[in-house]
There are 2 protein chains.
Amino acid sequence: MVTKQFSGSPEDADLRRADSLAREIFSDVANKWALLIIEAVGERTLRFSELRNEIEGISHKMLTQNLRMLERNGLVDRSVHPTVPPRVEYTLTEAGQGLRKTVDGMCDWTHRHLGDIEDARRRFGA
Amino acid sequence: MVTKQFSGSPEDADLRRADSLAREIFSDVANKWALLIIEAVGERTLRFSELRNEIEGISHKMLTQNLRMLERNGLVDRSVHPTVPPRVEYTLTEAGQGLRKTVDGMCDWTHRHLGDIEDARRRFGA
DNA sequence: CAGGATCCAGGCAGATACTG
DNA sequence: CAGTATCTGCCTGGATCCTG
């Protein structure tokens with residue numbers, strides 16, 4: 001994904017398209033807030049305000065912005081209940097669940113290596 | 001990681017510390033360039049300039065900045081050969097390899113769902 | 001070649017106010 | 001309650017120049 005080199009040949013055109021799309025998606029998804037949102041939703045169904053409370057430090061704006069992006073890419077479903085006051089619920093799509101598994105992996109990794117990282121930082125300080 | 005709520009009790013103090021550290025690491029690592037660098041290095045040993053060539057679009061500054069960060073957190077090893085001209089090589093540490101596995105997962109996921117995502121985007125456009 | 005330092009523009013993100 | 005819109009500051013990240 002990162003290393004692919006293309007020739008100028010025409011049959012590489014669609015490969016190049018796929019690759020640039022992959023890059024674009026990766027750029028969308030590989031950001032702190034998006035991943036935290038995916039982690040937070042998990043297998044549940046959460047309302048906008050619930051998400052806002054669950055994810056410490058996220059602003060109203062970042063939450064909506066990233067939710068739109070995730071919806072656009074088919075990672076979250078957004079269902080609006082036309083009641084008053086309105087009720088909007090978010091869940092992960094199947095694709096979203098797939099991604100979540102890898103994010104879970106990242107979280108596990110983080111917790112498993114907390115000690116290593118603290119050590120590394122101490123060494124780096126010197 | 002995202003949802004944890006703490007009481008004010010003192011025995012939660014270290015839990016809170018660990019959690020905030022985890023958050024910090026996650027924020028460091030869950031960014032586009034860091035993950036692309038980890039992916040690019042893989043199991044190889046690459047020089048600064050090689051990395052710069054492999055990772056399309058990364059600037060000199062972003063590369064050094066992220067490499068320092070990854071080194072600080074013990075994810076990459078940096079070895080300087082005191083020749084002239086200097087030769088600096090980067091490899092993943094064991095911890096780095098662990099993280100790479102999850103990043104590989106993300107890349108796989110991306111490629112597996114390219115079609116889904118294109119569809120989702122088309123639907124979203126309407 | 002590797003990378004630090006500096007300058008500067010553009011975009012990101014927060015705060016606030018307003019709608020359905 | 002959920003969301004859009006606008007304004008603004010700042011901080012990220014690119015370009016450039018300089019060292020060992």
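Just so it is clear, the values below take in all heavy atoms, side chains as well, and ignore hydrogens, waters and symmetry mates. Order of the sequence lines fixes the chain letters, A, B, ..., with proteins taken first and strands second; residue numbering starts at 1 for each chain.
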Fill in the blank from the handout: Rounded to whole Å, CD of A:Gln65 lies from P of C:dA13 at a distance of 7 Å

Exercise for the section: Write down the distance between CE (B:Met62) and C1' (D:dG13), rounded to a whole number of angstrom. Expected result: 5 Å

Problem - Distance test, side-chain N/O of A:Arg47 to OP1/OP2 of D:dA2, below 4.0 Å - result: yes

Practice task
Take atom CG of A:Asn31 and atom C1' of C:dG11, then tell me their distance rounded to the nearest Å.
Solution key: 14 Å

Practice task
Would you kindly give the CG-to-P distance between B:Leu63 and D:dG14, to the nearest whole Å?
Solution key: 11 Å

Exercise for the section: Would you mind reading off the distance between A:Leu51 atom CG and D:dC1 atom P, rounded to a whole angstrom? Expected result: 15 Å

Practice task
Specify the separation, in whole Å, of atom CG of B:Leu46 and atom P of C:dC1.
Solution key: 15 Å

Problem - Side chain B:His60 and base C:dG3 donor-acceptor under 3.5 Å - result: yes

Exercise for the section: Indicate yes or no: does B:Arg23 engage B:Asp19 in a salt bridge with an N to O separation below 4.0 Å. Expected result: no

Practice task
Taking only the side-chain nitrogens and oxygens of A:Ser49, find out if one of them lies under 4.0 Å from OP1 or OP2 of D:dA2.
Solution key: yes

Handout entry: Hydrophobic cluster identity match, A:Val80 and A:Val84, side-chain contacts under 4.5 Å
Key = no

Problem - Between C:dA13 (P) and A:Ile55 (CD1): distance, integer Å - result: 14 Å

Exercise for the section: Would you indicate which nucleotide in D:dA2, C:dG14, D:dG14 comes nearest to any side-chain atom of A:Ser59? Expected result: C:dG14

Problem - Residue A:Pro86, side-chain heavy atoms: nucleotide from D:dG3, D:dA2, D:dG13 that is nearest - result: D:dA2

Practice task
Would you indicate what B:Arg68 reaches in the nucleic acid, counting non-hydrogen atoms under 4.0 angstrom: base, sugar-phosphate, or nothing?
Solution key: sugar-phosphate

Problem - Ring centre gap for A:Phe26 and B:His111 strictly below 6.0 Å - result: no

Exercise for the section: Taking only the side-chain nitrogens and oxygens of B:Arg52, find out if one of them lies under 4.0 Å from OP1 or OP2 of C:dG3. Expected result: no

Practice task
State whether the side chain of A:Arg112 and the backbone N or O of B:Gly98 hold a donor-acceptor pair below 3.5 Å, judged by distance alone.
Solution key: no

Problem - Nearest listed nucleotide, side chain of A:Lys61, among C:dA13, D:dA2, D:dG3 - result: C:dA13

Practice task
Indicate yes or no: does B:Lys101 engage B:Asp104 in a salt bridge with an N to O separation below 4.0 Å.
Solution key: no

Practice task
Could you state the atom-to-atom distance from OH of A:Tyr90 to C1' of D:dC1 in whole Å?
Solution key: 11 Å

